[in-house]
Amino acid sequence: MTQRHRRTPLEYVTASLAHPLSFAGAVVAFLTGALLVTLIVLDILGLVKNPYLGAVTYLLLPILFILGLVLIPLGNMRARRRQAQGEEEKYPVMDLNDPGHRRRFLIFGVLTIVNLVIVSAVAYRGVEFMDSVQFCGKTCHTVMKPEHTAYSFSPHARVRCVDCHIGRGADWYVRAKLSGLRQVAAVALHTYSRPIPTPVENLRPARGTCEECHWPAKFHGDRIKVKTHFQEDEANTPNHTVLVVKVGGGSTESGFARGIHWHVANEVRYTASKDRERIYDVSVRYRDGKVREFKRVGSEDVSAGDSLETRLLDCVDCHNRPTHIYQMPEEAVDAALVDDAMDRTLPYVRREAVRLLRGSYLSEADATTGIADSLRAFYQREYPDVLTQSGDAVDAAARTITAIWRRNIFPDMNITWGTYPNHIGHRDFPGCFRCHDEEHATADGETIAQNCDNCHTLLAVEEESPAVLEQIFPGGVSGQVEAGTRQP
Ligand code: HEC
Ligand code: HEC
Ligand code: HEC
Ligand code: HEC
Ligand code: HEC
């Protein structure tokens, strides 16, 4: 190196890519960089809506891009080491008075800034993407399909998955992403359990999630509910239950606590089987500091086979299905009849719909044809006139029944009726009666009460035309049914 040749920018770039490793790195970085920019622009413009593309754009490509960039200096270092050949390795000296050096510095600086812009855009959009319902609910399609489907028909269908499952703050974010990595591995290796087990272990306490939107002190007083169930007779006769649910409110600060949400203002701890279905010991620390312990009668024998867990009761111990609401066939069909999604003048349609829903089908396609064919066959056999006159209504009913089946049954994930119990109430699952069963008692024999009026006032139970409904809805019932039974 006697004659100092002033390199052009191009020469400088080619020189720094002389080593094959650097060259390969540059090719990878250039290709993935160009692809990244294109995909990000398409994504920002909203032109592509494919969850897998998101995973490629924000997870796979950035890793390749950064790998490519890292290879360039790595190659340079090796080249320098080879030049030095045993002598002490020298680092290049940068002299900004030298126009050549200045040019290199400029090129290096500009390229670095371009790379930083790409990487930070990817990081920003990537975090946003990983928080999206699309990523959580659709990327691993089979695995999350049941939860995503049930969620889509729930009162929380506009709330992002991460608002309940992660909440705000970096610590839970990092925890969630670490456990996410384990889940990705489980999906890749097909080792995840079907169905996904519930309850979710280590779900963030509700204080950091639900209470970001719901204010415990402000849980409205009493709530009137009208539940309509249809009989299994030819006329599908509706019966009404009218109850005033004492929802109540409770906040530790104000000292105000009444009704069902009394639980929020008092500390209730319980020891239960891992699935939280069998509850043994319950202890309450009342707001005035008093403590009481209730033990399940004979729990020593019963608890022997269970591995137990103790928990501070919070929102999800009752609201364990605020959004992944799976229905039971009876309630789903009742809701469809209330909504007129099924023609209630079709004889025995309530009974037949429940029977068909409880049938076993191997797949969605199997259920679709099975339900449609059997319903037609039933009317063909029993009411041929109805079929000729109202064939369309029969087919529409079959479509509604199929839709109910499709949003509740997922053969790939082994999810069927009742796989995921719902703890609100006590009709289809033990729910409140896991504790309020008169079987949990203090040492002096006081129990957790099952007194019906503590939780609701029953104004009518399964009556065809309760007088109270006439008072509430003069001129006809507007059938209100359980949460989450909205029709598609
Ligand atoms: C309104 C709050 C909320 C939202 C929004 C929400 N979840 Fe959940 N999720 C829960 C609760 C509560 C549980 C049950 C926790 C328990 O019982 O331990 C749960 C449970 C789950 C489970 C375990 C299986 C089960 O059903 O118990 C999966 C998987 C899941 N959610 C995925 C999702 C996905 C995917 C989304 C977005 C499409 C989502 N969640 C949105 C609150 C929510
Ligand atoms: C991001 C805000 C947000 C979060 C977080 C959230 N919710 Fe909600 N929740 C809502 C909104 C909004 C509604 C009202 C929806 C409507 O009326 O259609 C609602 C409605 C409800 C209802 C009434 C449903 C009905 O039948 O009308 C319950 C119960 C509920 N949420 C419980 C929970 C629980 C339990 C959690 C935590 C696991 C939670 N929410 C987390 C926003 C949220
Ligand atoms: C002891 C069980 C229990 C606990 C704990 C509990 N709830 Fe409830 N909650 C209920 C019941 C029961 C209802 C009435 C449900 C119904 O009638 O559909 C209700 C109703 C609600 C409603 C609807 C109110 C309305 O008037 O429509 C919201 C919102 C709600 N709860 C949020 C929460 C949140 C947030 C928490 C935690 C801070 C919580 N709940 C804790 C049992 C509970
Ligand atoms: C983990 C056990 C447990 C579960 C589950 C549970 N409770 Fe309770 N509940 C208690 C205990 C303990 C008390 C206090 C009993 C006492 O003071 O005598 C209580 C008290 C109450 C009270 C009386 C509050 C007052 O005004 O004094 C109501 C109402 C109530 N629960 C409703 C419900 C409803 C509704 C559900 C189901 C959605 C439910 N509970 C689920 C343990 C439980
Ligand atoms: C610990 C609280 C609690 C006690 C005690 C209790 N219930 Fe309930 N009950 C509930 C809740 C919560 C619901 C569900 C409300 C809802 O779905 O919105 C409910 C719902 C009902 C329904 C309507 C079911 C439906 O879907 O049609 C009937 C009927 C009923 N209860 C009867 C009784 C009777 C009878 C008793 C006394 C033996 C009783 N309950 C004791 C909490 C309680």
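Atoms within each ligand, like the ligands themselves, are counted from 1 in listed order. Just so it is clear, the structure is predicted and the values come from calculations on it, not from any experiment.
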* Asked: Should the ring pair H456 and H426 be called parallel, tilted or perpendicular, given that the plane angle runs from 0 to 90° and is split at 30 and 60?
  -> tilted
* Asked: Does any N, O or S atom in C452 come within less than 2.8 Å of atom 8 (Fe) of ligand 5?
  -> no
* **Proximity to ligand 2 by part of E212, non-hydrogen separation under 4.0 Å** => neither
* What are the atoms of ligand 5, with element, lying closer than 4.0 Å to any heavy atom of R427? -> 24 (C), 25 (C), 26 (O), 27 (O)
* Which of parallel (below 30°), tilted (30 to 60°) and perpendicular (above 60°) describes W405 and Y361? -> perpendicular
* Determine whether any heavy atom of L458 lies closer than 4.0 Å to an atom of ligand 5. => yes
* Determine whether any heavy atom of D317 lies closer than 4.0 Å to an atom of ligand 3. => no
* Asked: Salt bridge check: are K145 and E364 linked by an N-O gap of less than 4.0 Å?
  -> yes
* **Test item: V284 and V291 side chains (from C-beta on) under 4.5 Å apart, heavy atoms** => no
* What atoms of ligand 5 come within less than 4.0 Å of a heavy atom belonging to C432? -> 1 (C)
* **Polar side chain donor-acceptor pair, H229 to N239, under 3.5 angstrom** => no
* Asked: Is C213 close enough to atom 8 (Fe) of ligand 2 to have an N, O or S atom under 2.8 Å?
  -> no
* Asked: In terms of side-chain geometry, is the basic nitrogen of E330 or R358 positioned less than 4.0 Å from the acidic oxygen of its partner?
  -> yes
* **C210 N/O/S atom closer than 2.8 Å to atom 8 (Fe) of ligand 2** => no
* Asked: Quick check: does H214 get an N/O under 3.5 Å from an N/O on ligand 2?
  -> yes
* Asked: How does C315 reach ligand 3, by side chain, by backbone, by both or by neither, if only non-hydrogen atoms under 4.0 Å count?
  -> both
* Would you find more than 12 non-hydrogen atoms of other residues, nucleotides or ligands less than 6.0 Å from Y124 atom OH? -> no
* To do: Examine the proximity of ligand 3 to K225 and report which part, side chain or backbone, both or neither, has a heavy atom under 4.0 Å away.
  => side chain
* **Closest to atom 9 (N) of ligand 3 among H436, H319, H423 (heavy-atom distance)** => H319
* **2.8 Å cut-off met by an N, O or S atom of H426 to atom 8 (Fe) of ligand 5** => yes
* To do: Output the list of atoms in ligand 5 that are nearer than 4.0 Å to some heavy atom of H229, sorted by atom number.
  => 25 (C), 26 (O), 27 (O)
* Asked: Any idea which atoms of ligand 5 are less than 4.0 Å away from a heavy-atom of L243?
  -> 20 (C), 21 (C)
* Asked: How does R158 reach ligand 2, by side chain, by backbone, by both or by neither, if only non-hydrogen atoms under 4.0 Å count?
  -> neither
* When only distance counts, is Q450 in polar contact with ligand 5, meaning an N/O pair under 3.5 Å? -> no
* Atoms of ligand 5 less than 4.0 Å from C455 heavy atoms? -> 1 (C), 2 (C), 3 (C), 4 (C), 5 (C), 42 (C), 43 (C)
* Side chain, backbone, both or neither: which part of P155 comes within less than 4.0 Å of ligand 2 when only heavy atoms are counted? -> both
* **The one among E331, K227, E462 that brings a heavy atom closest to atom 23 (C) of ligand 5** => K227
* **Heavy-atom nearest neighbour of atom 6 (C) of ligand 3 within options K246, H261, H263** => H261
* To do: Please report the C-alpha distance between T271 and R296 in whole Å, then the side-chain angles of each, then the deciding distance to 0.1 Å, and finally whether the side-chain hydrogen bond (donor to acceptor under 3.5 Å, both in side chains) criterion is met.
  => CA-CA 10 Å; T271 304; R296 179 152 146 176; over 6 Å; no
* **Proximal atoms of ligand 2 relative to C164 (non-hydrogen, under 4.0 Å)** => 41 (C)
* Asked: Going by the order shown, which atoms of ligand 5 are within less than 4.0 Å of some heavy atom of F433?
  -> 4 (C), 5 (C), 6 (C), 41 (C)
* Nearest heavy-atom neighbours spanning A397 and L375 -> CB-CD2, 4.0 Å
* Check the angle between the aromatic planes of Y383 and F378 and answer parallel, tilted or perpendicular using the 30° and 60° thresholds. => tilted
